[in-house]
Structure formats: C-alpha cells, structure tokens
Amino acid sequence: MGKNLVQKIFESHLVSGTLETGGNIAISIDQTLTQDATGTMAYLQFEALGIPRVRTHLSVSYVDHNTLQTGFENADDHRFLQTFAAKYGIFFSKPGNGICHQIHLERFAKPGVTLLGSDSHTPNAGAMGMIAIGAGGLDVAIAMAGGPYHLKMPEVVLVKLRGRLGPWVSSKDIILELLRRLTVKGGVGRIFEFGGSGVRMLSVPERATIANLGAELGATTTIFPSDERTLEFLKAQERQKDWMPFEADSDASYDQIIEIDLGKLEPLIAQPPSPDKVVPITEVVGRQVRQVCIGSCNNSSYMDLMGVAKFLKGKKIHPDVSLTITPGSKQVFEMIARNGAMADLISAGARILESACGPCIGMGQSPPTGTISIRTMNRNFPGRSGTPDDQVYLASPYIASASALTGVITDPRILNIKPPRILMPRRFYIDDSMILAPSPNPEEVVIERGPNIKPLPTKGPLEDMIEGAVLLKVGDHITTDHILPAGARVLPLRSNIPAISKHLFERVDHDFFKKAIEQGGGFVIGGENYGQGSSREHAAIAPMFVGIKAIIVKSYARIHRSNLINFGILPLMFRDEKDYERIKQGDQLRIEGVRDRLQVNGSLTVQNVTKGWGFEVQHGLNQREIAILLAGGLLNYTRLNAKV
Ligand code: MIC
Ligand code: SF4
C-alpha cells in the first residue's frame with residue numbers, strides 16, 4: 001500500500017506509537033523556531049532543563065512580534081534572546097530581519113524534515129514539503145533538549161486541486177474557500193495534504209499562504225509535495241542542495257478527499273469577527289474602507305508586494321484610506337527597495353513599516369473606531385488590531401490594493417486594469433548578515449537579563465481535591481486573544497508573568513484578575529473550540545499563576561489544550577452539554593479524589609456545591625498527559641523523569 005506525505009515523514013521520525021489515526025505517537029524534531037513573544041518563556045524553560053546546548057539539527061530564535069520599543073521591556077528581551085541564542089547553540093534573527101515564518105521559508109525550510117515552532121503559523125513551512133507544527137513554548141523547549149513531540153495521529157485529508165486560478169483570484173482564495181467550507185473547527189485533529197495537478201500552478205510562496213492559513217482551520221498542519229516549483233524556489237534562494245523530490249505514492253490512501261476546481265474560484269473575503277466568515281467579494285463591495293494593511297506572515301512575500309507595487313504604480317490611493325505595507329523579510333524589503341517598487345508604493349501614498357508582525361498583532365496601526373480595515377493577514381478576531389470595535393476583513397493583496405485605490409471594498413475584476421503578472425525571480429537577494437550564528441565560545445557568553453525577565457512561576461503536584469467558584473463562564477470560539485490579549489500594551493510583558501496576568505480575560509471581564517486573586521483561583525467554563533488561535537502558552541501560564549485549577553468546556557483547540565496540560569491545569573469537557581446551560585458564573589464547584597480517579601477512569605464527577613447537584617466531565621487524557629498533570633506540569637514531569 002502506498003504512502004502519503006504525512007505517513008512518509010512521520011514514519012521516518014517515529015519515536016513511539018503506530019501511525020493509526022487517533023493513536024498516541026511521538027516524533028523526533030529536526031528543527032525548532034521561536035519568536036520573541038513566546039521565545040523568552042521557551043528559553044527560560046529550556047534553561048530550567050539544565051542542558052548546555054540545543055540537540056536539534058537547527059534551532060532559530062526570531063524577533064518579529066515585539067519590535068515596537070516604547071519602553072525598556074522589548075529591547076531588554078531582545079538582548080536576552082540574542083545572548084541566550086549565542087550561548088546555547090541557536091541561530092538568532094535580529095529585529096528588523098523580518099517575520100519568522102517568511103524567513104524560515106526563505107532560508108531554512110527543506111523537504112522531508114520536521115519543525116516545531118512556538119507560533120501557531122509554523123505550518124507555513126509546510127509549503128516546502130515538511131511537517132511543521134505549532135506548539136507551546138515548553139513543547140519547543142523539550143524539542144530543543146532533544147525530546148520528541150507527542151501528539152495524536154491526525155487524520156490526513158487530501159485537498160486535490162485541479163485547473164488554474166482565474167485572473168484576480170489568488171492562493172489566498174483557495175484557503176479562504178476551505179475556511180468557508182470547513183469553518184475554524186474543520187481542521188481539528190487533521191492534517192491537510194495538498195495534491196492534484198493544480199498544485200503545480202502554485203509557487204512556494206503561494207503555497208505558504210495556504211499552509212499558513214491552515215492554522216485558522218484548527219489543523220495540526222498542512223503539507224505540500226516538493227516538486228520542480230520547490231526546486232525553482234530553492235535555487236533562487238541559492239539552496240538547491242536542500243532540495244529533494246518528495247511526492248505521495250500514487251496509491252496512497254487518505255481519510256478524506258476534498259476537491260477544489262481552481263478555475264471555478266472567485267475572489268473571496270473573510271468578514272469580521274472570524275476567518276471563516278467567508279463570502280464572495282461581490283456580496284460586500286461598496287462598503288467604506290478606512291484602512292488597508294498589506295503584510296503579515298500570510299501575504300508579504302516578494303511576489304505579493306511586487307504585485308501590489310505594479311498595481312499601484314502611477315496611481316494614488318484614496319484620500320480617506322491609510323495604507324500600510326509591511327515587507328515580510330529584509331530580503332523582500334531590500335529587493336523592492338533596490339528595484340524601485342518601493343518608490344512606486346511610496347509615491348502611491350503607502351506608509352512603509354519595518355519587517356515585523358506589526359499591525360497583525362496590534363503592534364501599532366490600530367484602525368479608527370468602528371471602521372473597516374482590509375488586511376491581507378490571517379486573523380480578524382475582535383479587538384486584535386488594538387481597536388475594540390474594529391471591523392477587520394481578510395483578503396488577498398489584489399482586493400486590498402483595489403480597495404485602497406477606491407476607498408470602498410472593491411472587486412478588482414471590475415477595474416479596467418490588467419492583473420499584474422509577477423514571476424519568481426531567478427535569484428533572490430541573499431544577505432544573511434542579520435542572522436547571527438551561535439558563539440563558538442559559549443562559556444564566555446553572559447546572558448543579559450533586564451528587569452523585564454522575571455523567573456518562571458512554578459506549581460506543585462496536582463491536588464486531590466479541587467474546589468472553587470466559577471470565576472467566568474464564556475461561550476463558543478473563545479480565542480487566546482480573549483484569554484490573554486496581545487497588542488502593544490500587553491505584549492511587552494510576555495517575560496513577566498506576574499505583570500501580564502493582570503490582563504487575563506480583560507476583554508471579557510475586566511475584574512477577572514482581581515476576582516481570581518481574591519478567591520484564590522477557581523474554574524472557567526467555556527463552549528466549543530475553546531482556546532483557538534495562537535500558540536501563546538501565556539494563556540495557560542497566567543491562569544495557572546492566578547490559581548485556575550480546571551477549565552470545563554465543550555471542546556478545545558489543539559495547542560491550547562496541550563498548553564493547559566503542560567502547566568498543570570485540568571482540561572475537562574462536559575459529558576452532557578446540557579450541564580453547560582445549568583451551570584452559572586459564581587457557582588461553587590468541587591471535584592474530589594482527582595488523583596485516583598484520573599488514573600482509573602475516563603471521567604470525573606463535579607459537585608455543584610451551590611446548587612446541590614453533580615455532573616460528569618470527561619478528560620480524554622492519555623497516560624503521559626495524566627502523569628504530566630499529576631506532577632503539576634511538563635517541567636516538573638520532565639525533571640522527575642530525568643529524561644526529555
Ligand atoms: C498570533 O498570530 O496570534 C501570534 C502572536 O503570532 C501567536 C503567538 C503569540 O501569541 O505569541 C501565534 O499565532 O501563535
Ligand atoms: Fe506575526 Fe501575525 Fe504571523 Fe502571528 S500571524 S506570526 S502575529 S505576522
């Protein structure tokens with residue numbers, strides 16, 4: 001029986017388990033990446049493991065999220081990260097060099113290997129024919145220490161593309177179409193493997209747009225084959241030695257097959273407040289636009305920006321629109337600066353930002369109150385832009401450029417313009433001077449720790465009785481942006497858990513932190529897909545810090561559930577969803593005999609002490625996860641077991 005791409009890589013990296021869908025497996029990790037907002041914690045955790053040098057083939061520490069230096073915090077963190085990387089054998093990408101996923105694709109990704117990254121859009125590198133998974137920082141720390149990554153063997157879904165994209169339709173529309181069909185829950189427990197003749201029509205950066213936004217489906221990851229288009233890209237990056245052909249066997253089998261006829265796709269747009277509120281552009285044309293942001297790890301490649309520059313050349317954007325352009329990397333930035341495209345963008349009225357996450361994570365450029373911002377990005381969760389009542393629409397650079405020109409949401413097909421045709425350059429401009437190699441003399445490197453770097457909070461073993469009030473009850477699709485917001489105000493506190501914890505759930509309940517501290521912790525109740533979105537483990541560490549013992553919901557997003565376990569918080573699920581309705585904020589809950597019950601039983605009984613009734617919750621934890629919880633989290637567990 002032939003094998004698909006996922007089976008091939010998992011088989012060659014399998015450390016334990018068998019590749020049956022739903023089974024517990026562990027895979028070895030070749031490469032890791034971190035970004036600054038999750039990296040400081042990941043490295044503090046790595047340090048706590050007491051290992052002198054990373055044991056991966058390649059580990060890279062990027063700085064791209066916290067680049068706005070409005071106080072000492074971010075700059076201090078950059079120094080910590082740079083010195084830490086030098087000492088422990090990690091490559092360091094300096095602030096200004098660009099967004100982790102864009103750079104990783106350009107300079108490090110290669111077919112057939114595994115990558116674990118402390119950022120949910122790590123699957124971006126799946127465009128290169130590799131397995132790239134987003135995880136919490138602690139999982140990445142363990143991988144840097146040489147430990148495997150544990151997961152449930154996902155279903156593998158073949159997305160078969162045929163035909164070719166029509167004019168003004170882009171690869172963004174392919175993934176928006178999948179989001180339209182499957183929703184933000186549609187990828188949970190699945191890997192999307194792309195195949196079919198239509199794949200050949202897509203360059204590596206176009207594939208990356210798809211793989212990147214696969215995170216919004218909740219998928220474990222997305223993977224493309226490695227073919228001549230991959231070789232074309234690697235050659236242009238002067239990395240042909242990293243290429244190998246990598247295709248699924250012709251008789252490979254899949255858990256499901258989804259077909260997309262590229263010729264039938266039309267330009268799509270995701271409306272607020274979620275990336276799956278996708279409609280054809282024709283349904284929303286004419287709405288007034290005040291801001292357009294082109295960039296993020298989703299659509300900021302050289303070809304994306306050249307397309308925008310060609311489109312805007314010789315034109316002026318609408319007077320009521322503020323247009324920002326964020327090149328994804330120094331390579332992209334430098335190339336469009338050298339070839340004059342940047343001048344076309346500036347002349348059209350664009351505001352050019354440094355190569356970083358920027359507006360995507362609310363690091364500046366918050367849009368005006370209650371107005372529409374069109375972004376080529378991947379998330380439009382409410383308030384993420386920094387404006388509480390923002391109206392963020394997600395679309396391709398074509399739609400973004402057309403709308404910047406007219407001041408209203410515009411279908412580019414109606415403008416009397418020929419779609420710009422951008423070819424892959426034969427050679428990208430290569431200058432890796434902002435990627436620093438680790439020090440050859442690590443013992444001489446002194447790690448710089450500014451006052452923003454606070455020690456890791458710790459937790460004792462799991463208690464046998466868990467008791468407390470329901471501090472908060474929320475609905476479906478609560479994102480990590482609701483749990484612990486990002487943005488220019490909060491992101492600089494990522495290395496300081498006591499300080500960042502004050503912002504816990506502030507978008508949902510302003511008094512949450514106060515309540516949690518006064519009551520010594522308690523429970524949180526939620527609905528479907530709790531914790532979707534980012535990989536930030538702070539959305540688990542801060543709850544641990546304020547004493548949250550258990551979360552009870554209808555279902556979880558993958559990375560967040562792992563993060564809760566890693567930090568010793570019980571991730572429970574209602575057995576009967578009607579109990580969700582019956583429970584009220586403020587009710588006092590109690591679970592007895594937790595330690596014993598966890599080990600012998602798939603369920604626990606929760607007493608609602610206030611109302612005098614009990615209900616069953618399930619946990620779906622495997623033996624390893626139970627052991628981690630009993631130890632009080634993954635760090636304790638790893639130390640106890642003296643192995644990674
Ligand atoms: C995001 O896009 O939400 C982020 C910021 O990149 C996060 C990581 C973080 O919160 O640090 C992610 O996607 O994992
Ligand atoms: Fe950065 Fe946005 Fe990409 Fe997250 S989604 S890595 S914030 S650019």
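Indexing begins at 1, ligand by ligand and atom by atom, following the structure's order.
S534 CB, 3.3 Å is the protein heavy atom nearest to atom 7 (C) of ligand 1. When hydrogens are left out, the protein atom nearest atom 13 (O) of ligand 1 is S120 OG, 2.5 Å; that is the closest non-hydrogen contact. Among protein heavy atoms, the minimum distance from atom 1 (Fe) of ligand 2 is reached at C357 SG, 2.3 Å. Looking only at heavy atoms of the protein, atom 2 (Fe) of ligand 2 is closest to C360 SG, 2.3 Å.
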Salt bridge (Lys or Arg N to Asp or Glu O under 4.0 Å) between R561 and E625, intermediate numbers included: CA-CA 11 Å; R561 177 178 175 277; E625 290 169 335; 3.2 Å; yes

Go through the steps for D76 and N452 under the test side-chain hydrogen bond (donor to acceptor under 3.5 Å, both in side chains), then give the verdict. CA-CA 7 Å; D76 278 4; N452 196 41; over 6 Å; no

side-chain hydrogen bond (donor to acceptor under 3.5 Å, both in side chains) for H104 and Y62? Distances and angles first, verdict last. CA-CA 9 Å; H104 209 81; Y62 294 93; 2.8 Å; yes

Run the side-chain hydrogen bond (donor to acceptor under 3.5 Å, both in side chains) test on S373 and Q291 for me, step by step, so that the C-alpha distance in whole Å, both residues' side-chain angles and the decisive distance to 0.1 Å come before the verdict. CA-CA 5 Å; S373 171; Q291 185 190 51; 2.7 Å; yes

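Residue H65 is tested with D77, T38, D119, N74 for a side chain to side chain contact (heavy atoms under 4.5 Å, CB included); the sole match is D119.
The ligand atoms of ligand 1 that sit less than 4.0 angstrom from a heavy atom of R536 are 3 (O), 5 (C), 9 (C), 10 (O). Every atom of ligand 2 with a heavy atom of H101 under 4.0 Å away is listed here by number and element: 6 (S). Near I361, the atoms of ligand 2 lying under 4.0 angstrom from a non-hydrogen atom of the residue are 7 (S). For ligand 1, the atoms sitting less than 4.0 Å from at least one non-hydrogen atom of H65 are 4 (C), 5 (C), 6 (O), numbered in the order shown with element in parentheses. Residue R494 has at least one heavy-atom neighbour below 4.0 Å for each of these atoms of ligand 1: 9 (C), 10 (O), 11 (O). Per-residue contacts place R384 under 4.0 angstrom from the following atoms of ligand 1 (heavy atoms of the residue considered): 1 (C), 2 (O), 3 (O). The S535 neighbourhood of ligand 1 comprises atoms 12 (C), 14 (O), with distances under 4.0 Å to a heavy atom of that residue. Within ligand 1, the atoms closer than 4.0 Å to a non-hydrogen atom of D119 are 4 (C), 6 (O), 7 (C), 8 (C), 12 (C), 13 (O), 14 (O), numbered from 1 in the order shown. Within ligand 1, counting atoms from 1 as listed, the ones closer than 4.0 Å to a heavy atom of A37 are 11 (O).
Between S118 and ligand 1, a contact under 3.5 Å exists for no N or O pair.
Inclusion of C297 in the first shell of atom 3 (Fe) of ligand 2 is supported: an N, O or S atom falls under 2.8 Å.
Using a distance-only test at 3.5 Å, with no hydrogens or angles considered, no donor-acceptor pair links the side chain of D173 to the main chain of S396. A donor-acceptor pair is defined here as one N or O able to donate and one able to accept, closer than 3.5 Å; such a pair exists between the side chain of T387 and the backbone of P367. Using modelled atom types, no side-chain atom of R190 and backbone atom of V157 make a donor-acceptor pair closer than 3.5 Å.
Heavy atoms of D119 found under 4.0 angstrom from ligand 2 belong exclusively to the side chain. Counting heavy atoms under 4.0 Å from ligand 2, residue R384 touches it through the side chain alone. At a heavy-atom distance under 4.0 Å, only side-chain atoms of N378, from C-beta outward, approach ligand 2.
The side-chain hydrogen bond (donor to acceptor under 3.5 Å, both in side chains) check on Y393 picks up R287, with sequence neighbours excluded.
Contact analysis puts Q35 in contact with ligand 1, with a non-hydrogen atom separation below 4.0 angstrom.
Q365 and T324 share no side-chain donor-acceptor pair at under 3.5 Å.
In the candidate list H101, R379, H538, E537, R379 is nearest to atom 1 (C) of ligand 1, counting heavy atoms. Distances from atom 6 (S) of ligand 2 to the heavy atoms of M377, H65, Q35, M363 put H65 nearest.
Ion pairing between a basic and an acidic side chain is recognised when a charged N comes within 4.0 Å of a carboxylate O; E216 and K185 show no such pairing. In this structure, R449 pairs ionically with E47, as a charged nitrogen and a carboxylate oxygen lie closer than 4.0 Å. Electrostatic pairing of R536 and D481 counts as a salt bridge here, judged by a charged N lying under 4.0 Å from a carboxylate O.
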